*Asks:* 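Handing you a structure now.
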Amino acid sequence: MPVATINGSEVQVDDEGFLANPDQWNEELAEALASQIGINLTAEHWKAVRFLRDDFKQTGETPTIRRISAGTGIDIKTLFVLFPKKPAKKMAYIAGLPKPRGCV
Amino acid sequence: MNRLLILGGGTAGTTVANRLRKRLDPSAWKITVVDKDDNHVYQPGQLFIPFGTYRARDLVKPRRRFIGDGIDLVFGEVDRVDTDAARVFLTDDRELPYDYLVIATGATPRPDQTEGMVGNEFRKSIHEFYTYEGAVALADKLADWEGGRMVVHIVDMPIKCPVAPLEFTFLAEAFFAERGMRDRVEIVYATPLEGAFTKPVASKYLGAILEERKVTIEGDFATERVDPANKTLVSFDEREIPFDLLVTVPLNMGADYIARSGLGDDLNFVPVDRHTLLSKAHDNIFAIGDASDIPTSKAGSVAHFSVELFEDNFVNHAHGRPMTRPFDGHANCFIASGHGKGLLIDFNYDTEPLPGKYPLPGLGPFTLLRESEANYWGKMLFRWVYWNLLLPGKQLPFEPLMSMAGKETEEL
């Protein structure tokens, strides 16, 4: 398992840079992860990221974009503006959760 | 008397009913199957209707013919499940009490969930082949279509038979070529996935076939709406794809009664343990086939493989014993690729589709991830196997758990 140094602390990551252990996450780390993909976290970004963290705690799964939209009241179009191109993947990355499972 | 109630008499529900009837003592267990109608459709066949290969009588048979002796078949629409009272209410107020409930009501295409899809252009320039009526309407359209820009489109995953839109694309390309009009048709494949398929090795092999057939892939396309007036697909990040003929796979969802009963996720699929199919919320409810949220293909092969193991697990669970036969997510899908050929993929939760031979290493007769005529005949002959062996619950010569034998692993 590769180890990355983010914001001065060492964390385990998978091949694509997603945190391997969601428990190693904290809010400063989220800021650092976000800036690595060119996102500056505003209050609205945080609303989504906190939802992902809470939901993961309850279900053990990274939520889908539909679920995030329903749970936060942020419409999907806005999520695409906040986290451009691949919002589901980017939100999971910043929230320190596993990459959304590819559907098969 | 124990009451086992199975909602849905499709592939999974019918097979489970027939298999469990042989395992559960008739003097101690009553088994009831509920479905809304008596039409059992061989769903894999719908793919071939648009090209005139199959007709209705090939694909639809009475459900009752496949539900074995000693099983009650009730026709009715489920309104809701009351899990506290352990009762299912039908829309005509009939009540069906249960001790164990098996949810097998599958997944259904929902064009109403995408803005602009159902309207004046539906079944005119906007088509789908995931329903029998839709497939027939598309056959009529293709019979005298002059050509233009055809966009094959997936709204979102998961969908039933995730290879079907690829198969449709391959078959349509061959159909246009055989009619001498390939040069008058531009084909675009618009998908929410990055590439042709969900998993990297298969995506590479299948993507190469699309490229060879001159099909343009529009990947990472997250559909917001269809604009029927301008005949354009619009994504959440404001990409636009114009079409003359849209062949879409609408959003797939579980049944609405699952939402009304508080049993589903955001797409009405029932969260279950991926190895035992037991509901995460209720110890006397299982979800089998496409109705569950397990992370593998929604496909008849998955229903079939999982049911072989589920049968033992259910009997053990109902007798207070541990469930000892964990399901691995095994899926096995033939992919028609046009011109009388096909591919085969075989995979599970942990192993993605790989090239090789199946089921016998080196011999086949089927080839994995590469085109062959044997694969196409396997696909076409399976319809007989389905009606005559699979639904009655007879043993097929394929192992329920995936095997690595015959698979090539160097690309991993």
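Side chains included, hydrogens not; waters and symmetry mates left out as well; all remaining heavy atoms used. What you are looking at is a predicted structure, and each value in this text was computed from that prediction instead of being measured. Below, chains carry the letters A, B, ... as their sequence lines are ordered, and counting in each starts from 1.
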*Asks:* Checking heavy atoms, do the side chain of B:Asp156, its backbone, both or neither come under 4.5 Å from chain A?
*Replies:*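 B:Asp156 touches chain A through side-chain heavy atoms alone.
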*Asks:* Sorted by first residue and then second, give each ring pair (Phe, Tyr, Trp, His ring centres under 6.0 Å) pair with at least one member in residues 33-80 of chain A; sequence neighbours left out.
*Replies:*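 Qualifying pairs: A:His45-A:Phe83, A:Phe80-B:Phe236.
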*Asks:* Find the distance between CG (B:Asp220) and NZ (A:Lys85) and round it off to the nearest 0.5 Å.
*Replies:*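 If we round to the nearest 0.5 Å, B:Asp220:CG and A:Lys85:NZ are 9.0 Å apart.
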*Asks:* Heavy-atom cut-off 4.5 Å, strictly under: side chain, backbone, both or neither for B:Leu251 against chain A?
*Replies:*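 For B:Leu251, side-chain heavy atoms alone lie under 4.5 Å from chain A.
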*Asks:* Could you pull out the closest heavy-atom pair between B:Asp266 and A:Arg67, with the gap in Å?
*Replies:*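 Between these two residues, the closest heavy atoms are OD2-N, 3.4 Å.
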*Asks:* Can you say whether B:Asp237 sits under 4.5 Å from chain A via the side chain, the backbone, both, or neither, judging by heavy atoms?
*Replies:*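 Both backbone and side chain of B:Asp237 come within 4.5 Å of chain A.
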*Asks:* Select one option (side chain, backbone, both, neither) describing which atoms of A:Thr64 are under 4.5 Å from chain B's heavy atoms.
*Replies:*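 Just the side chain, heavy atoms under 4.5 Å.
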*Asks:* Should the heavy atoms of other residues, nucleotides or ligands under 6.0 Å from CD of A:Glu27 be counted, would the total exceed 12?
*Replies:*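 For A:Glu27, atom CD is crowded (more than 12 foreign heavy atoms under 6.0 Å).
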*Asks:* What part of B:Glu194 lies closer than 4.5 angstrom to a heavy atom of chain A: side chain, backbone, both or neither?
*Replies:*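 The side chain, not the backbone.
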*Asks:* Can you confirm whether A:Glu16 is buried at CD, in the sense that more than 12 heavy atoms of other residues, nucleotides or ligands lie under 6.0 Å from that atom?
*Replies:*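 Check passes, neighbour count above 12.
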